[in-house]
Amino acid sequence: MTYDILIRRASIVDGTGAEPYITDVGVYDDRIVAIGELSTASSRQVIEAEGRYLAPGFIDVHTHDDNSSIHQPTMLPKITQGITTVIVGNCGISASPVKLAGEVPDPMNLLGESDDFFATFEAFADAVETAQPAVNVAALIGHTTLRAGAMNRFDRPATEAEIDTMRESLRQALRAGAIGLSTGLAYTNARQATANEVKALVKVVGEEGGIYTTHMRNERETLFEAMDEAFETAAHGNVPLVISHLKCADVENWGKSEHAIEKLEQAAARQPCNCDCYPYSACSTTLDLWRVSDQFDILVTWSKPHPDMGRKLLKDIAAEWEVDMTEAARRLMPAGAIYHNMDEADVRRVLAHPLTMIGSDGLPSDPNPHPRLWGSFPRVIGHYCRDEGLFALPEAIRKMTSMSAARFGLTDRGVIREGAFADLTLFDYDSVLDGASFVEPATPAIGIEWVMVNGRVALTAGEVQQRSGRLLKREGVID
Ligand code: ZN
Ligand code: CU
């Protein structure tokens, strides 16, 4: 047979955690069709890959790319990292199903303006397919988005009737191909939701099939209680759980990762659960009064009423205005910020754990984004694996490929094997590294040489070639 593309003599890190080995890979149409000695085979195109590593395309399990996959379909921050699939709709906020008018509730404003939201999952899916992004997109449905569709105010638990409305729109979205439910229970507009409100929704996920991801109610003083709530909620619906960006925020809670990991392991012995993590000790989200602290730097990234304050420290803005930081924050809101509120030792402990997947949590519509948007995956390989020796390369790749595909139900992805989709990333191990920093956040990674999505070349030499991403519907959902 004649292959479309033959990748010759690459070191294959197949995503399963197995040791790398050198061989050839033949791609035909959208699949990997042959792996082995193929030196006499004919192919329309040949990539000489000696000295480089070929991995399954990376899967970014934690993103807010709902709208960037439609409006910036080249998906530069992602494809330049070797990412070939993004999971959108995390932290309780998704672009569908909801109709919005006027001011967009926090933190849904991280996704865009009111006309960036879609009344149905089908309309969102159509928009993604029409835009043809460079990477594959699979979508969660956000609890806060469901609330915005069913409730007139957020400062209370939902009524039975409102819960029924949310259950119905969630069910429709899952039947149309959404892959699960996310919550963001720490946020002001979701925290009045009771555990029972969330359980009622997770039950629907259990009935239809899918996953539950949660930005937990607390990542600080009651972290362990919040983890217990997450385990119990997922168990109630009999669904797999992913704890989003597991962390110990604020100085008083540093060091709690040891026990948090113990709890995760204990839970994993009873029920399917994992967590995701980005490789930085600073977080980023909207600015809210309860997040303000003088114990660490808070960098304002955007502000609706004061756009000129972006890239300034909250404490400097407060000094300039001669008010305290809480008052400064109040005047800046709605706004976004980067909080340097974690301990490096906690980040490493979570990152290195075998139940942890990599998710960037990047915020593509932020004008001054956290560098995780452009740098997470190459940073895990170049900084934490190669330079710091936190884990071996096959394990680093497993955390961004096969574990993620298995957990999120992405069939035939996340591995290099015959019959799998040809989502592939070729990189130079000696030079691979994040280019983005807190000073220059929108900088592409280095060392990612060639990326393929669904059998089409997506990136070479830093340039986007074809955009061949697909909307990935939940397994069993037929178009
Ligand atoms: Zn979050
Ligand atoms: Cu998030």
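Remember, it's 1-based here, ligands and their atoms both numbered in the order they're listed.
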The Zn ion (ligand 1): protein N, O or S atoms [distance under 2.8 Å]: Cys91 SG, His215 ND1, His245 NE2
Tyr339 and Phe296 aromatic ring geometry - parallel, tilted or perpendicular at 30°/60° bounds: perpendicular
2.8 Å shell around the Cu ion (ligand 2), exclusive bound, protein N/O/S atoms: 4
Geometric cation-pi criterion, Arg379 with Tyr280: 6.0 Å, 45°: yes
Asn90 side chain to His245 side chain, donor-acceptor N/O pair below 3.5 angstrom: no
Under 3.5 Å side-chain donor-acceptor pair for Thr85 and Asn136: yes
Any donor-acceptor N/O pair, Ser182 side chain to Gly92 backbone, under 3.5 Å: yes
Side-chain donor-acceptor pair present, Asp361, His64, cut-off under 3.5 Å: yes
Between Asn454 and Ser468: side-chain donor-acceptor atoms closer than 3.5 Å: no
Donor-acceptor side-chain pairing of Thr183 and Thr214 below 3.5 angstrom: yes
Donor + acceptor pair across side chains of Asp288, Thr188 (<3.5 Å): yes
